[in-house]
Participant: 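This structure is in C-alpha cells; I'll ask about it shortly.
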Amino acid sequence: MASRAATMVALLLAAVAATCVQAQLHEKFYSETCPSVEDVVRKEMVRALSLAPSLAGPLLRMHFHDCFVRGCDGSVLLDSANKTAEKDALPNQTLRGFGFIERVKAAVEKACPDTVSCADLLAIIARDAVWLSKGPFWEVLLGRRDGSLSISNDTDALPPPTANFTVLTQNFAAVNLDAKDLVVPSAAHTIGTSHCFSFSDRLYNFTGMENASDIDPTLEPHYMMKLKSKCASLNDNTTLVEMDPGSFKTFDLDYFKLVSKRRGLFHSDGALLTDPFTRAYVLRHATGAFKEEFFADFAVSMIKMGNNQVLTGSQGEIRKKCSVPNH
C-alpha cells in the first residue's frame, strides 16, 4: 500500500484536516476499543467480492447515498414499517447490499459489542470496495455515530443521474463539496451497473416525445445504438447495463475516456463536459497518464464527503443492528 499515490494522499489530506478535527473524526478512533474492526470488515469484503465482484459498485454507492442525506449517519440503512424510510424512496430502490451490511455488522458486534457505528462501517466498506477493485487505498477517518431518523422525502437531496451541471453543483454545494468533488467521485461510475430506467430517456424521450427518434444529441451515436440494443424501451425496468463497458469490475480511469468520447451513461456524466473546469479534468485524466494523481484526488474527496454533517461524541447512537434504531 505504500506508494507515491499514498504519499500524495497524505499531503492532500491537509486540505480537509481542519474540518475533520472539528468533527472529531480520526484514523485511530477504535485503536483501543475495537482494533480489529478493519480486519473483520476486510475479511467479509474479500469473501463477498470473491463470490459477487459486481457488489463493489453498489456498496460504494450506498455510502454516497448515506452521506448526501442527513449526513453520514447510516440513515440509509434503516427500515420503516410503513415504507417511508430513505431506502424506500425511488432513488434508493436500486441499492443492493443491505443484507451484506447486516452480516458485517454482526461480525463486528461479535468482536466488539456496542462499539462501532453502522455509519463508520459504511465508510470502511466503501473504501474496501474501491481498493479491492484495484483502486486507491486511504485511511478512513472514524468516529461517526448513527442517526435514528430516516425519511424518504429527504432523498430529494441526492444528485439525480438526470441532472445538468447547475443542479449537480447545487446538490454538491449543499453538502460542502465543490466542482472538483463533483468530477472526481463521478468516476466511481467506473465500477458497477445501472438499470436502464436511469438513463433511457436519453434514448427514447429526451424532449418528452416518447419515440425512437427522441434522442439526446450529446450522446455518441454508436454508443447510443448499443444502449438501445440492451434497453429495448422506455419502460424497461429490469435490464442492467455496465456503466464502464468491459471493465466494470475494475476501478480505473476508463470512465474519463468514455466521458471524453461522449459515452458517459448518465446525463450527469455528460454534464461534466459543459463546464470548463470539470471538462479540463476529464480530458486530462482521459489520457490515462495521471493515475496516481487521480487516485489521490479520489481519496481526498471521499474523506471530505465522509465528513459531511456527522454525528459524534454523545450525539446519535451505536446501533446493534443497522436496520433498526436501538430505541
Participant: Are the ring centres of His267 and Phe199 closer than 6.0 Å?
Facilitator: no
Participant: Nearest 0.5 Å, please: how far is NZ in Lys43 from CG in Asp128?
Facilitator: 14.5 Å
Participant: Closer than 3.5 angstrom, by distance alone: can the side chain of Asp269 be matched with the main-chain N or O of Phe266 as a donor-acceptor pair?
Facilitator: yes
Participant: Kindly indicate, with the supporting measurements, whether the criterion side chain to side chain donor-acceptor pair (under 3.5 Å) is fulfilled by Asp252 and Thr250.
Facilitator: CA-CA 6 Å; Asp252 54 29; Thr250 303; 5.1 Å; no
Participant: For Arg70 and Ser150, does a side-chain donor sit closer than 3.5 Å to a side-chain acceptor?
Facilitator: no
Participant: How far apart are the closest heavy atoms of Leu219 and Gly264, and which atoms are they?
Facilitator: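 Closest approach of Leu219 to Gly264, heavy atoms only: CD1-O, 3.6 Å.
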Participant: Please check if Ile124 and Tyr30 belong to a single hydrophobic cluster, counting links between Ile, Leu, Val, Met, Phe, Trp and Tyr side chain heavy atoms closer than 4.5 Å.
Facilitator: yes
Participant: Would you please test Phe68 and Phe172 for ring pair (Phe, Tyr, Trp, His ring centres under 6.0 Å) and show each step?
Facilitator: CA-CA 8 Å; Phe68 269 84; Phe172 275 70; 5.0 Å; yes
Participant: What is the minimum heavy-atom distance between Asp114 and Glu109, and which atoms define it?
Facilitator: N-OE1, 3.1 Å
Participant: To the closest 0.5 Å, what do you measure between CD (Glu210) and OH (Tyr204)?
Facilitator: 12.5 Å
Participant: Does a sphere of radius 6.0 Å around NZ in Lys228 hold more than 12 heavy atoms from other residues, nucleotides or ligands, not counting ones at 6.0 Å or beyond?
Facilitator: yes
Participant: Could you walk me through whether Arg42 and Asp39 pass the salt bridge (Lys or Arg N to Asp or Glu O under 4.0 Å) check?
Facilitator: CA-CA 5 Å; Arg42 181 76 43 76; Asp39 291 335; 5.7 Å; no
Participant: Under the 3.5 angstrom rule, does the side chain of Arg61 hit a backbone N or O of Ala188 as a donor-acceptor pair?
Facilitator: no
Participant: Please work out which of the three classes, parallel, tilted or perpendicular, describes the rings of His195 and Phe197, given edges at 30° and 60°.
Facilitator: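 Parallel: the ring planes of Phe197 and His195 meet at under 30°.
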Participant: Would you say the ring centers of Phe298 and Phe251 fall short of 6.0 Å from each other?
Facilitator: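 Ring-ring flag for Phe298/Phe251: true, centres closer than 6.0 Å.
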Participant: If you group Ile, Leu, Val, Met, Phe, Trp and Tyr by side-chain heavy-atom gaps below 4.5 Å, do Leu234 and Leu240 land in one group?
Facilitator: no
Participant: Grab the two heavy atoms, one from Arg145 and one from Ser117, that are nearest each other, plus how far apart they are.
Facilitator: CA-CB, 4.0 Å
Participant: Establish, for the pair Arg262 and Tyr223, whether the NZ or CZ atom is under 6.0 angstrom from the six-membered ring centre and no further than 45 degrees off its axis.
Facilitator: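 Checked: cation-pi criterion not met.
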Participant: Treat each ILVMFWY residue as a node, draw an edge where side-chain heavy atoms are under 4.5 Å apart, and state whether Leu168 and Leu273 are in one component.
Facilitator: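 Yes; tracing contacts between hydrophobic side chains, which count when under 4.5 Å, links both residues.
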Participant: Distance from Leu121 atom CG to Arg144 atom CZ, nearest 0.5 Å?
Facilitator: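 The CG atom of Leu121 sits 10.5 Å away from the CZ atom of Arg144.
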Participant: Would the distance check show the side chain of Asn205 and the main-chain N or O of Met209 forming a donor-acceptor pair, the cut-off being under 3.5 Å?
Facilitator: yes
Participant: What is the distance from atom NZ of Lys230 to atom CG of Leu203, rounded to the nearest 0.5 Å?
Facilitator: 12.5 Å
Participant: Any sub-3.5 Å donor-acceptor pair from Ser198's side-chain atoms to Ser194's backbone N or O?
Facilitator: no
Participant: At what distance, to the nearest 0.5 angstrom, does OG of Ser54 lie from NZ of Lys249?
Facilitator: 6.5 Å
Participant: Should we say atom CD of Gln93 is surrounded by more than 12 heavy atoms from elsewhere, each under 6.0 Å from it?
Facilitator: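 Result for CD/Gln93: enclosed.
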Participant: What I want to check is whether the side chains of Asn82 and Thr84 have a donor and an acceptor closer together than 3.5 Å.
Facilitator: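 Distance-only check passes for Asn82 and Thr84.
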Participant: Go through the side-chain N and O atoms of Asp214 and Thr207 and say whether any donor and acceptor fall under 3.5 Å apart.
Facilitator: yes
Participant: Without swapping roles, check the side chain of Asp244 against the backbone of His189 for a donor-acceptor pair under 3.5 Å.
Facilitator: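 Judged by distance alone, no pair lies under 3.5 Å.
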Participant: Which atom pair, heavy atoms only, marks the closest approach of Leu25 to Gly143?
Facilitator: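 For Leu25 and Gly143, the tightest heavy-atom pair comes out as CD2-C, 3.6 Å.
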Participant: Keeping Tyr255 on the side-chain end and Met243 on the backbone end, is there a donor-acceptor pair under 3.5 Å?
Facilitator: no
Participant: Start with the C-alpha gap between Glu220 and Arg263, add the side-chain angles, then the distance that decides, and say whether salt bridge (Lys or Arg N to Asp or Glu O under 4.0 Å) holds.
Facilitator: CA-CA 6 Å; Glu220 196 275 323; Arg263 294 184 177 184; 3.2 Å; yes
Participant: Quick one: does NZ or CZ of Lys180 land under 6.0 Å from the six-membered ring centre of Tyr281, within 45 degrees of the ring axis?
Facilitator: no
Participant: Can you see whether Asp236 engages Ser233 through a side-chain donor-acceptor pair at a distance of less than 3.5 angstrom?
Facilitator: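 No, no side-chain donor-acceptor contact under 3.5 Å.
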Participant: Looking at every non-hydrogen atom in both residues, tell me the closest pair between Ser75 and Val69 and how far apart they are.
Facilitator: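 Distance-wise, the nearest heavy atoms are OG-O, 3.6 Å.
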Participant: SG/Cys72 to CG/Asn307 distance, rounded to the nearest 0.5 angstrom?
Facilitator: 7.5 Å
Participant: Are Trp131 and Phe294 connected in the hydrophobic side-chain network, where two residues link if heavy atoms are under 4.5 Å apart?
Facilitator: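 Both belong to a single hydrophobic cluster.
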Participant: Checking Asn92 side chain against Leu95 main chain: does a donor-acceptor pair fall under 3.5 Å?
Facilitator: no
Participant: Would you say the side chains of Glu86 and Ser152 form a donor-acceptor pair under 3.5 Å?
Facilitator: no
Participant: Are the side chain of Glu317 and the backbone of Asn326 linked by a donor-acceptor contact shorter than 3.5 Å?
Facilitator: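 Checking the backbone N and O of Asn326 against the side chain of Glu317, a donor-acceptor pair under 3.5 Å is found.
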Participant: If you compare all heavy atoms of Lys105 against all heavy atoms of Lys320, which two are closest, and at what distance to 0.1 Å?
Facilitator: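 Closest pair (atom of Lys105, atom of Lys320, distance): CE-O, 3.5 Å.
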Participant: Verify, without hydrogens or angle tests, whether Ser36 (side chain) and Cys34 (backbone) share a donor-acceptor contact under 3.5 angstrom.
Facilitator: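 No; zero donor-acceptor contacts below 3.5 Å.
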